[in-house]
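Here's the structure, in structure tokens; my notes come after.
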Amino acid sequence: MPALIPNPLRQAIIERAQHRCEYCHKPQIGFYPHEVDHVIAVKHGGATTLENLAFACFQCNRYKGSDLASIDPQTNLITPLLNPRRQRWHTHFRMEDARIIPLTPEARATVALLQLNDSTRIQERRVLQVQD
Ligand SMILES: [Zn+2]
């Protein structure tokens, strides 16, 4: 069950994220509103505080769910997902013609689990001219 996020906290999260998804950088526009993601899910002991919350688009939040790790497709090792509170996006990814290029094991696991380079998502980023 999703935790209730008080409005001032939600606004702080949105502004910190510059109104875009902290995983795929999609701006907050479109049919499905972005959501507040617990980076470490409540069921794993994550708190509903600014330090553990991220702004995520509907798709990224659905694919991530309460997961903390996935498989790095290059090494087949269990690998933590990107933690947007502790890691900088630009250290782990770059954008190339709307495709999100993973630069680290955490990034590869995140791209795979969140299906960041699904063809419809790449197409959407092209149309929206999403920048890295
Ligand atoms: Zn996203």
Side-chain angles (χ1 to χ4, degrees):
M1 184 166 166
L4 283 175
I5 311 293
N7 236 6
L9 182 58
R10 180 182 302 274
Q11 278 312 310
I13 293 159
I14 293 169
E15 282 166 30
R16 179 179 63 190
Q18 298 177 303
H19 299 261
R20 63 184 186 174
C21 174
E22 295 190 66
Y23 297 101
C24 74
H25 280 184
K26 179 181 164 184
Q28 188 188 25
I29 50 177
F31 191 76
Y32 296 105
H34 284 20
E35 301 174 337
V36 174
D37 163 53
H38 282 77
V39 177
I40 297 172
V42 172
K43 78 176 189 185
H44 298 300
T48 303
T49 59
L50 200 53
E51 295 72 34
N52 186 46
L53 297 171
F55 200 42
C57 73
F58 179 84
Q59 288 161 303
C60 285
N61 207 19
R62 284 303 165 283
Y63 286 126
K64 178 175 174 285
S66 62
D67 293 353
L68 303 174
S70 188
I71 306 294
D72 173 357
Q74 190 170 306
T75 62
N76 287 323
L77 296 173
I78 296 173
T79 304
L81 300 175
L82 177 87
N83 181 327
R85 294 287 65 80
R86 295 188 178 171
Q87 295 165 307
R88 287 175 43 83
W89 196 93
H90 288 95
T91 304
H92 293 270
F93 306 97
R94 65 187 166 83
M95 192 94 66
E96 199 174 283
D97 187 28
R99 176 176 289 274
I100 295 176
I101 310 295
L103 306 174
T104 63
E106 294 95 322
R108 290 192 297 268
T110 302
V111 164
L113 183 71
L114 275 54
Q115 302 191 29
L116 295 179
N117 288 324
D118 179 90
S119 62
T120 59
R121 301 189 75 186
I122 291 173
Q123 187 61 31
E124 185 179 37
R125 283 195 293 271
R126 276 198 192 115
V127 170
L128 297 173
Q129 299 186 313
V130 174
Q131 304 293 316
D132 60 1

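Whatever order the structure lists them in is the order used to number ligands and atoms, beginning at 1.
- Residues Asp72 and Arg108 are paired through a salt bridge, judged by an N-O separation under 4.0 Å between the basic side chain and the carboxylate.
- The one candidate from Arg85, Lys64, Arg10, Arg62 that meets the salt bridge (charged side-chain N to carboxylate O under 4.0 Å, His left out) condition with Asp37 is Lys64.
- Note: Tyr32 and Phe58 have parallel aromatic rings, judged against thresholds of 30 and 60 degrees for the angle between ring planes.
- Judged by distance alone, with hydrogens and angles left aside, the side-chain atoms of Asp67 form no donor-acceptor pair with the main-chain N or O of Ala69 at under 3.5 Å.
- The closest side-chain heavy-atom distance from Leu81 to Glu106 is not below 4.5 Å.
- Under the 30°/60° scheme for interplanar angles, the aromatic rings of His90 and His25 are found to be tilted.
- Shown here are the protein N/O/S atoms lying under 2.8 Å from the Zn ion (ligand 1), water excluded: Cys21 SG, Cys24 SG, Cys57 SG, Cys60 SG.
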